[in-house]
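Chain letters run A, B, ... following the sequence lines, proteins first, then strands; residues in each count from 1.
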Amino acid sequence: MEKLVLIDGNSLSFRAFFALPLLTNKAGVYTNAIYGFTMILDKIIKEEEPTHFMVAFDAGKTTFRNKMYSEYKGGREKTPDELRSQLQYIRQLVESYHIKHYELENYEADDIIGTLSKQADEKNLKTIIITGDRDLTQLASENVTIYYTKKGVTDIDHYTPEFISEKYDGLEPKQIIEMKGLMGDKSDNIPGVPGIGEKTAIKLLKQYDTVDGVYNNIDELKQSKMKEKLIDNEDNAKLSKELATINRDSPIEVTIDDLKLTDNGDEEKIKLFKTLEFKQLLDQMDASTEASDDRIIEYQDHLNDFDFANIKEAAIHFETNENNYLKADILGFAIHANDKTYVISLEELEQNKDLHAWLENGNVKFSAYDSKKTIILCERLGIKVENIQFDTMLASYILDPSRTIDDVYSVVSEFGIYYVPNDESIYGKGKKLHVPEREVLFECIAKKVTAIFETKEKMVELLKERAQLSLHDDLELPLARVLAEMEYIGITVDKDTLVEMQEDLKVRIDKLIEQIHNHAGSEFNINSPKQLGVVLFEDLKLPIIKKTKTGYSTAVDVLEQLRNEHPIIEDILVYRQLAKLQSTYIEGLQKMITSEGKIHTRFNQTLAQTGRLSSIEPNLQNIPIRLEEGRKIRKAFRPSKENHVIFAADYSQIELRVLADITGDEHMKEAFTANEDIHTTTAMRVFNVEKEEVTSNMRRQAKAVNFGIVYGISDYGLSQSLGITRKAAKKFIDDYLDSFPKVKEYMDTIVQDAKQKGYVETLLHRRRYTPDITNRNFNLRSFAERTAMNTPIQGSAADIIKLAMVQFSNKMKEKEFKAKLLLQVHDELIFEVPKDELETFKPFVEDIMDNALELSVPLSVESSYGETWYDAK
DNA sequence: TCTACTCGCAA
DNA sequence: GTACGTGCGAGTAGA
């Protein structure tokens with residue numbers, strides 16, 4: 001069946017604009033109204049399946065109505081600039097859907113719609129009119145329904161004649177005009193009769209049908225203020241009625257047949273969505289979200305005419321065959337300088353001594369994507385690269401940590417450069433991973449290095465604008481060099497220690513497996529939560545505590561509740577613990593030990609949203625410590641030389657100290673200044689007791705609340721960690737906030753701040769954007785709120801330790817210490833130190849860490865050392 | 001072989 | 001009432 005949809009483009013654009021928070025794409029184009037409009041189009045097309053479709057727009061400011069009444073729509077606030085800029089895109093959007101749009105000089109969109117709907121009505125064509133303007137409801141008929149968007153863009157009333165009759169107490173659609181004549185319309189500046197509102201108007205119309213009817217029978221009305229007003233404003237009423245009347249015979253030049261929808265593909269739509277960065281919609285359409293540009297970058301594959309002496313600025317880039325640059329093969333090396341691009345092979349790179357000297361001389365300003373990788377690859381070639389001044393990867397992370405950074409493409413494409421292919425398209429993935437032929441490869445490398453060069457300036461400008469240049473220049477970039485050295489040095493791990501533990505554990509695990517199978521009465525894979533679930537909850541019929549998406553939950557907290565139900569549980573718990581140690585740590589770590597007896601982790605500097613580092617292959621930031629059994633793993637981590645020790649220095653309660661500083665809460669500051677135990681102090685305040693009355697349970701709970709603050713967990717999260725109800729957890733949090741009023745104040749203001757600015761920041765201006773803070777989805781919004789509260793705390797702590805690392809590295813240059821920084825674990829630094837340096841090294845490091853950044857509360861560092869990492873406690 | 005899911009370690 | 005801190009990695013299971 002044929003169906004016509006007519007949209008009032010202007011009024012719907014308004015609705016969409018005000019319904020959604022201001023959004024922009026990377027280029028700064030506002031997109032919220034366009035997005036909302038797109039949602040409506042999709043919804044309508046899907047739900048109504050129209051055969052004919054048109055969007056009508058207002059042509060300009062003045063229409064025939066202004067000739068009748070110069071004040072028409074006077075006093076209306078002008079369209080916000082942020083919306084006006086989107087209207088052209090909305091027309092483009094409509095075109096990309098192959099929907100006709102139309103506007104007519106001197107007429108409003110209403111009139112176009114009125115005229116077309118009249119034609120449709122005469123043809124008995126089902127018509128739907130979509131608008132955010134009530135005026136159009138006068139057009140409702142048997143065939144014509146008006147969809148009126150109440151609030152937002154999805155809450156819609158369907159105005160049929162029946163609906164109108166019900167809503168307006170028996171009025172017919174065409175009487176809407178009469179009603180407007182009497183009551184006017186503030187938004188269009190239609191005067192009407194003063195003193196007459198909806199109620200009175202309806203009453204009069206029920207009796208006299210029309211405005212003319214009212215005046216023809218005006219004498220019947222008994223003397224009243226209302227009657228006087230009606231008489232005094234007869235002209236107004238009649239004019240108002242005319243103004244409100246939609247012209248259903250406008251001189252339009254389109255016919256309904258012209259509005260037939262055609263299926264001409266999604267090409268334009270995809271292109272537009274890419275420009276606007278409607279990523280989700282593109283995903284839904286199964287279209288690649290990546291834009292591309294097939295430009296060719298010319299390059300030379302030799303350095304024969306390279307003018308080493310006269311280049312002051314260059315981008316350099318190493319291409320490797322795998323991500324792990326500590327052992328990867330170099331596939332090529334590229335330079336972009338003086339508008340020329342060079343790509344050379346590993347052989348050329350190794351042999352060209354002029355090039356080495358050029359990289360080392362320190363007079364050229366280099367930029368790179370991933371300076372840590374660049375430094376390490378140079379180091380592997382025996383080149384001490386100097387003066388890398390800019391890292392586009394780090395800059396991208398600083399500008400917006402939420403951006404995915406996985407290759408050069410992912411960074412430069414944010415800056416409008418699309419000629420670089422992404423790594424997956426060049427190398428493939430999974431089984432099909434391969435190095436392409438030389439020509440393809442070199443072309444790609446040339447593009448990367450050129451793009452790095454071209455992006456740099458834009459990034460510097462943005463960093464300056466956002467007061468973040470120093471974060472790059474003075475923190476992240478120098479830190480990359482520090483991390484490079486740490487990764488390159490690695491940490492010595494004694495394989496024999498691990499092998500011994502492995503054998504010991506194997507015996508114990510085998511025994512446990514046997515016992516568990518005996519208890520179960522069958523052999524099954526204990527590592528399979530699915531099989532374990534069947535054994536526990538079906539075979540042994542233990543009570544089901546919790547379910548996961550796919551079946552029974554067998555997580556620790558569940559098993560602990562079942563402890564007394566069956567002896568198998570205890571064995572499973574121990575098995576789980578040992579199996580984890582065995583597979584992840586003891587076996588996992590052994591695989592990573594090099595022939596030199598070392599493990600070289602890599603620190604990811606551009607991943608964690610808060611500014612923290614992360615560690616991979618292997619992750620050395622989660623080596624067990626809490627349980628003795630696991631802690632023993634640390635015995636395998638040793639100094640690399642005789643007469644050295646492992647030295648660990650950690651910040652004590654750094655996040656809570658940052659919190660005290662940021663919020664300025666006196667109670668908390670006092671506790672830290674007096675060097676009190678913060679969890680005890682928290683317990684004293686929250687439970688309102690004296691120090692002596694704080695029980696270990698109170699302290700434990702206070703500690704959990706502090707933990708929650710630091711990691712931004714919810715009341716639910718806290719309830720889980722304390723094993724209490726959500727309600728009780730919420731009360732804890734409330735009590736906590738009442739005990740530290742400045743903290744409460746901070747939590748409130750930071751959320752407001754985030755709403756207003758769209759981001760929160762750390763002490764060193766690291767930003768994290770919080771777009772979901774105004775989301776109507778409770779979960780997303782709550783998450784954004786916690787993010788806003790937590791990120792400045794965790795992120796500032798991350799800033800501080802990074803600062804300490806950079807300062808440490810700088811000060812080491814003037815010292816004779818042989819000590820080496822090996823690892824960073826969020827709030828602690830691990831070193832290996834010659835025993836005879838200990839006495840001087842300890843205060844040296846502690847002083848740097850203590851004073852890395854001045855806060856209004858003291859920072860406190862505790863250090864310890866031993867023959868192994870285990871002993872440094 | 002890839003992906004989704006569960007589980008568990010650390011700060 | 002909702003669904004419920006991060007990041008890394010091992011392991012199972014199903015397509």
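- Following rounding to the nearest Å, A:Tyr585 (OH) and B:dC7 (P) show an atom-to-atom distance of 17 Å.
- Of the C1' atoms belonging to B:dG8 and C:dG5, the separation is 15 Å, rounded to the nearest Å.
- Backbone-only contact: A:Arg576 has heavy atoms under 4.0 Å from sugar-phosphate atoms and none from a base.
- Going from atom CD1 of A:Ile572 over to atom C1' of B:dC7 covers 14 Å, rounded to whole Å.
- A:Asn525 comes within 4.0 angstrom of sugar-phosphate atoms only, judged by non-hydrogen atoms across all strands, and of no base.
- Here the nucleotide nearest the side chain of A:Asn527, chosen from C:dT12, B:dA11, B:dG8, is C:dT12.
- When distances run from any side-chain atom of A:Thr550 to the nucleotides B:dT6, C:dC4, C:dG9, the shortest one goes to B:dT6.
- Using a 4.0 Å cut-off between charged nitrogen and carboxylate oxygen, A:Glu846 and A:Lys842 count as a salt-bridge pair.
- At least one side-chain nitrogen or oxygen of A:Arg626 sits closer than 4.0 Å to the OP1 or OP2 atom of B:dA11.
- As a whole-Å value, the separation of A:Lys580 NZ from C:dA10 P is 9 Å.
- Note: A:Phe637 and A:Trp869 have perpendicular aromatic rings, judged against thresholds of 30 and 60 degrees for the angle between ring planes.
- Look at CZ on A:Arg631: it is 9 Å from P on B:dA11, rounded to the nearest Å.
- Looking at A:Asp510 and A:Lys506, a side-chain N of the basic residue comes within less than 4.0 Å of a carboxylate O on the acidic one, giving a salt bridge.
- The local environment of NZ in A:Lys873 is crowded, with over 12 non-hydrogen atoms from other residues, nucleotides or ligands closer than 6.0 Å.
- Between A:Ile516 and A:Val535 there is no side-chain heavy-atom pair separated by less than 4.5 Å.
- For A:Lys546 and B:dT6, the NZ to C1' distance is 11 Å, given to the nearest whole Å.
- Regarding A:Asn619, its CG atom lies at a distance of 11 Å from the C1' atom of C:dT6, rounded to whole Å.
- Considering only side-chain N and O atoms, A:Ser614 lies nowhere under 4.0 angstrom from the phosphate OP1 or OP2 of C:dT6.
- Distance, A:Leu578 CG to B:dG8 P: 13 Å, rounded to whole Å.
- The CG atom of A:Leu589 sits 15 Å away from the P atom of B:dC9 (whole-angstrom rounding).
- Which of B:dG8, B:dC7, B:dC9 sits closest to the side chain of A:Pro624 comes down to B:dC9.
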